[in-house]
Amino acid sequence: MAISELDLPAGVVARQLADGTALAEGLAEHVAEVLRQAVEADGLASLLVSGGRSPIPFFEALSAFELDWSRVQVGLVDERWVAPDQDGSNEALVRRHLLRGPAAEATFLGLYQPAATLEAAARQAGRALEPLKRPVDMVVLGMGEDGHTASLFPGSPNLAQALAGTCAEPCMAMLAPVAPHPRISLTWPVLARARRRCLAIQGISKLETLRQALRADPLRMPIRAFLNDPLEIYWSP
Ligand SMILES: O=C(O)[C@H](O)[C@@H](O)[C@H](O)[C@H](O)COP(=O)(O)O
């Protein structure tokens, strides 16, 4: 199976790479160029990345690119509600694998907030995102086997509100079916209205998930809400 076999909506571009290394390097080169152009045009660039396991090679490849990282904001599309020094923290993942070398000069805008409740933490995270340049210059999404993206999980309370184009909150409390369960996720308006968006997925199984998502209800497979122009899908076997 090849990604070219998928019937993608207009404005959705698919790039098939030979393997995970080529995917990480190709995506890093593309993202670095978008950031470089945004810094040149606006004096500031904003990047939102996903957590999980698969972005690590991409993070490490991107961190080595020479650009004016002091004018780049790096944030997360979601966070597990765990402190940065605990297992599962996306902030720790980005600080360890992306904010190093030249990229150490970037400004990190995290989502984790200690608070009495997850909902209070999400509200505080939204306020902490106020300095984020919008529309965001580049959002890099991942996708789970169930069709979730960021921490927009099927069956999560608040999902319908978070996917609505009228959602006024930049981020919301979400619940994942897998540990760590409490999450904070950016919402559709921030993620979908970015100037450039990439979806990075690897393996036949996720390609099958993507094929199913193209015909699915976003409430059942939330990635569907982002499969529209502009989107560049990076996929490798
Ligand atoms: O916090 C997270 O886990 C991510 O933001 C999440 O949305 C991730 O992109 C998918 O779960 C895919 O994860 P993998 O790339 O590790 O399969």
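Order of listing sets the numbers, starting from 1, for every ligand and every atom in it.
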| task | Give the contacting part of Ser151 toward ligand 1: side chain, backbone, both or neither, where contact means a heavy-atom distance below 4.0 Å. | result | neither

| task | Have a look at Ile233 and tell me which of Leu6, Leu207, Leu8, Leu141 forms a side-chain contact (heavy atoms from CB on, under 4.5 Å) with it. | result | Leu8

| query | What atoms of ligand 1 come closer than 4.0 angstrom to any heavy atom of Gly142? | reply | 9 (O)

| request: Check Leu62 against Val31 and note the closest heavy-atom contact, atom names and distance. | output: CD2-CG1, 3.9 Å

| query | Are any of the heavy atoms in Gln202 under 4.0 Å away from ligand 1? | reply | no

| task | Report yes if Thr149 has an N/O atom closer than 3.5 Å to an N/O atom of ligand 1; otherwise report no. | result | no

| field | Considering all heavy atoms, the nearest Asn90-Glu79 contact | value | N-OE1, 2.7 Å

| task | Show which atoms of ligand 1 fall inside a sub-4.0 Å distance from at least one heavy-atom site of Lys206. | result | 12 (C), 14 (P), 15 (O), 17 (O)

| note | For atom 6 (C) of ligand 1, the closest protein heavy atom turns out to be Ala150 O, 3.6 Å

| task | Check ligand 1 against Arg80 and write out every atom of the ligand that is under 4.0 Å from a heavy-atom position of the residue. | result | 1 (O), 2 (C), 3 (O)

| query | What are the atoms of ligand 1, with element, lying closer than 4.0 Å to any heavy atom of Gly52? | reply | 2 (C), 3 (O), 16 (O)

| message | Applying a heavy-atom cut-off of 4.0 Å, say which part of Asn90 lies close to ligand 1: side chain, backbone, both or neither. | response | side chain

| message | Could you check whether any side-chain heavy atom of Met138 comes within less than 4.5 Å of a side-chain heavy atom of Arg195, counting everything from C-beta outward? | response | no

| Got an N/O contact under 3.5 Å between Ser50 and ligand 1? | no

| query | Side-chain contact, heavy-atom cut-off 4.5 Å: Met143 with Lys206? | reply | yes

| task | Check the pair Phe153 / His148 against ring pair (Phe, Tyr, Trp, His ring centres under 6.0 Å), numbers first and verdict last. | result | CA-CA 5 Å; Phe153 287 91; His148 82 262; 4.0 Å; yes

| Take atom CD in Glu40; do more than 12 heavy atoms of anything else shown fall under 6.0 Å from it? | no

| query | Backbone, side chain, both or neither: what part of Met143 comes under 4.0 angstrom of ligand 1, heavy atoms only? | reply | backbone

